[in-house]
**Student:** 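Starting off with a structure, shown below.
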Amino acid sequence: MRADLDRILVSAREIATRVAELGRQISADYAGSRQLLAVGILKGSTIFMADLVRAISIPVSFDFMAVASYGQSSSSSGVVRILKDLEQNIEGRDVLLIEDIVDTGLTLNYLLETLRTRNPASLRVCVLLDKPERRKVAVPIAYVGFKIPDEFVVGYGLDYAERYRNLPDVWVLNPEAYQNNSEVKIQSTSGKDHGYDH
């Protein structure tokens with residue numbers, strides 16, 4: 001497995017420090033909220049979300065969504081189908097959408113538009129990794145762990161072909177590990193394969 005990995009981009013120690021900072025900031029920003037709901041996008045956000053909610057010092061509930069893109073994997077339209085919807089009603093609640101990575105912003109934008117129709121009191125995004133170079137649509141991100149260059153990354157929940165999620169650090173994946181796969185055009189973690197983007 002290590003032969004597929006190029007270098008560590010964000011270390012486990014850096015992640016732990018930043019997650020603690022985000023937890024404190026979110027706790028302060030939502031102080032007094034009795035309705036905070038953290039929504040994780042499966043599967044990539046699970047490790048980040050687990051650490052983040054434990055760093056939040058105010059009451060917080062959580063729920064999950066799973067989505068997959070329509071169309072061919074190499075050219076996502078950003079329109080998704082919901083594989084797993086929320087189990088809770090978010091009307092009148094403060095919702096914090098937790099993502100592992102945002103690049104084009106297309107899928108995240110679709111998710112935000114979908115959730116806004118359900119009339120939450122507020123809707124914000126917390127993302128571990130942001131790839132601003134790949135942005136195609138502006139999306140509001142309230143909390144960012146790290147801004148990263150346009151490289152394919154794995155670890156700390158992020159995968160390639162369902163591998164590497166368990167690595168404690170965020171690694172740059174060696175291009176040789178995926179260069180023969182013509183479907184890998186974009187970074188993807190939450191969908192069922194790497195043709196799904198954010």
Side-chain angles (χ1 to χ4, degrees), residues 1-26 38-56 60 62-69 73-74 76 83-84 96-105 107-108 111 125-135 141 143-198:
M1 182 169 71
R2 290 302 172 107
D4 294 339
L5 304 175
D6 183 17
R7 68 188 187 281
I8 291 177
L9 187 63
V10 187
S11 71
R13 179 174 293 184
E14 291 174 305
I15 293 170
T17 298
R18 184 63 182 134
V19 168
E21 292 171 349
L22 288 171
R24 288 192 293 270
Q25 184 180 356
I26 291 167
V39 174
I41 306 303
L42 298 172
K43 301 175 184 173
S45 71
T46 53
I47 295 176
F48 174 44
M49 180 170 170
D51 287 344
L52 181 64
V53 294
R54 288 181 294 175
I56 295 174
V60 56
F62 33 94
D63 206 338
F64 299 92
M65 295 182 75
V67 295
S69 64
S73 59
S74 61
S76 170
L83 302 178
K84 181 198 178 304
L96 181 63
L97 192 63
I98 299 176
E99 271 280 34
D100 49 2
I101 190 166
V102 175
D103 48 26
T104 66
T107 299
L108 177 58
L111 280 172
V125 175
C126 178
V127 61
L128 175 66
L129 303 174
D130 181 17
K131 283 188 184 180
E133 292 177 39
R134 289 188 51 81
R135 196 76 81 248
I141 304 175
Y143 308 100
V144 175
F146 303 92
K147 289 188 178 181
I148 64 170
D150 184 15
E151 298 190 88
F152 201 104
V153 291
V154 295
Y156 197 67
L158 293 94
D159 79 302
Y160 170 60
E162 292 298 331
R163 299 174 65 196
Y164 315 106
R165 291 191 196 275
N166 59 314
L167 296 172
D169 312 288
V170 172
W171 288 76
V172 174
L173 190 64
N174 204 322
E176 287 76 19
Y178 60 86
Q179 64 183 0
N180 293 327
N181 185 347
S182 62
E183 294 301 309
V184 178
K185 303 286 187 180
I186 48 182
Q187 176 75 58
S188 165
T189 55
S190 296
K192 299 178 74 173
D193 58 52
H194 273 263
Y196 163 64
D197 75 330
H198 297 261

**Student:** Can you tell me how far OH of Tyr164 sits from CG of Leu158, rounded to the nearest 0.5 angstrom?
**Tutor:** 13.0 Å
**Student:** If you compare all heavy atoms of Val172 against all heavy atoms of Glu151, which two are closest, and at what distance to 0.1 Å?
**Tutor:** CG1-OE1, 3.7 Å
**Student:** To the closest 0.5 Å, what do you measure between NZ (Lys147) and CD (Glu133)?
**Tutor:** 11.0 Å
**Student:** To the nearest 0.5 angstrom, please state how far the CG atom of Leu96 sits from the CZ atom of Phe62.
**Tutor:**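 Reported to 0.5 Å precision, the distance equals 12.5 Å.
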**Student:** So, for Glu99 and Leu108, which heavy atoms are closest and what is the spacing to 0.1 Å?
**Tutor:** CG-CD1, 4.4 Å
**Student:** Decide yes or no for Tyr156 and Asp51: does some side-chain heavy atom of the first lie under 4.5 Å from some side-chain heavy atom of the second?
**Tutor:** yes
**Student:** So among Val144, Val170, Leu9, Val102, which one has a side chain to side chain contact (heavy atoms under 4.5 Å, CB included) with Leu129?
**Tutor:**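 Among Val144, Val170, Leu9, Val102, the one meeting side chain to side chain contact (heavy atoms under 4.5 Å, CB included) with Leu129 is Val170.
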**Student:** When rounded to the nearest 0.5 angstrom, what distance separates CG in Asp150 from CG in Asp103?
**Tutor:**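 If we round to the nearest 0.5 Å, Asp150:CG and Asp103:CG are 8.0 Å apart.
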**Student:** Do you know which two heavy atoms are closest between Lys84 and Leu42, and how far apart they sit?
**Tutor:** CD-CD1, 4.1 Å
**Student:** Is there a side-chain contact between Val153 and Leu173, using heavy atoms and a 4.5 Å cut-off?
**Tutor:**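 Heavy-atom side-chain distance check fails, nothing below 4.5 Å.
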**Student:** Whether the Asp4 and Tyr160 side chains hold a donor-acceptor pair (N or O, under 3.5 Å, no angle test) is what I'd like checked.
**Tutor:**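 Not at all, the side chains of Asp4 and Tyr160 share no donor-acceptor pair under 3.5 Å.
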**Student:** Minimum heavy-atom separation for Ile47 and Arg165, please, with both atom names.
**Tutor:**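 Heavy atoms only, the tightest pair is CD1-O, 3.4 Å.
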**Student:** Would you say that Ile101 contacts Lys131 through its side chain, given a criterion of any heavy-atom pair below 4.5 Å between the two side chains?
**Tutor:** yes
**Student:** Report the C-alpha separation of Ile41 and Leu97 in whole Å, then their side-chain angles, then the decisive distance to 0.1 Å, and conclude whether the side chain to side chain contact (heavy atoms under 4.5 Å, CB included) test is met.
**Tutor:** CA-CA 8 Å; Ile41 306 303; Leu97 192 63; 3.6 Å; yes
**Student:** If you round to the nearest 0.5 Å, how far is CD of Glu14 from CG of Asp169?
**Tutor:**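 Atom-to-atom, Asp169:CG and Glu14:CD are 9.0 Å apart.
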**Student:** Please examine the side chains of Phe48 and Ile15, heavy atoms only from C-beta on, and report whether any two atoms are closer than 4.5 Å.
**Tutor:** no
**Student:** Would you give the length of the straight line joining atom CD of Gln25 to atom CD1 of Ile56, rounded to the nearest 0.5 angstrom?
**Tutor:** 11.0 Å
**Student:** Using side-chain heavy atoms (C-beta onward) and a distance below 4.5 Å, is Asp130 in contact with Arg135?
**Tutor:** yes
**Student:** Just to verify, which of Leu52, Ile98, Ile26, Val127 counts as forming a side chain to side chain contact (heavy atoms under 4.5 Å, CB included) with Tyr143?
**Tutor:**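 It is Ile26; the other options fail the test.
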**Student:** Minimum heavy-atom separation for Cys126 and Leu22, please, with both atom names.
**Tutor:**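 Where Cys126 meets Leu22 most closely, the heavy atoms are SG-CD1, 4.3 Å.
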**Student:** For Ala20 and Ala55, work out which heavy atoms get closest and say how close.
**Tutor:** CA-CB, 4.2 Å
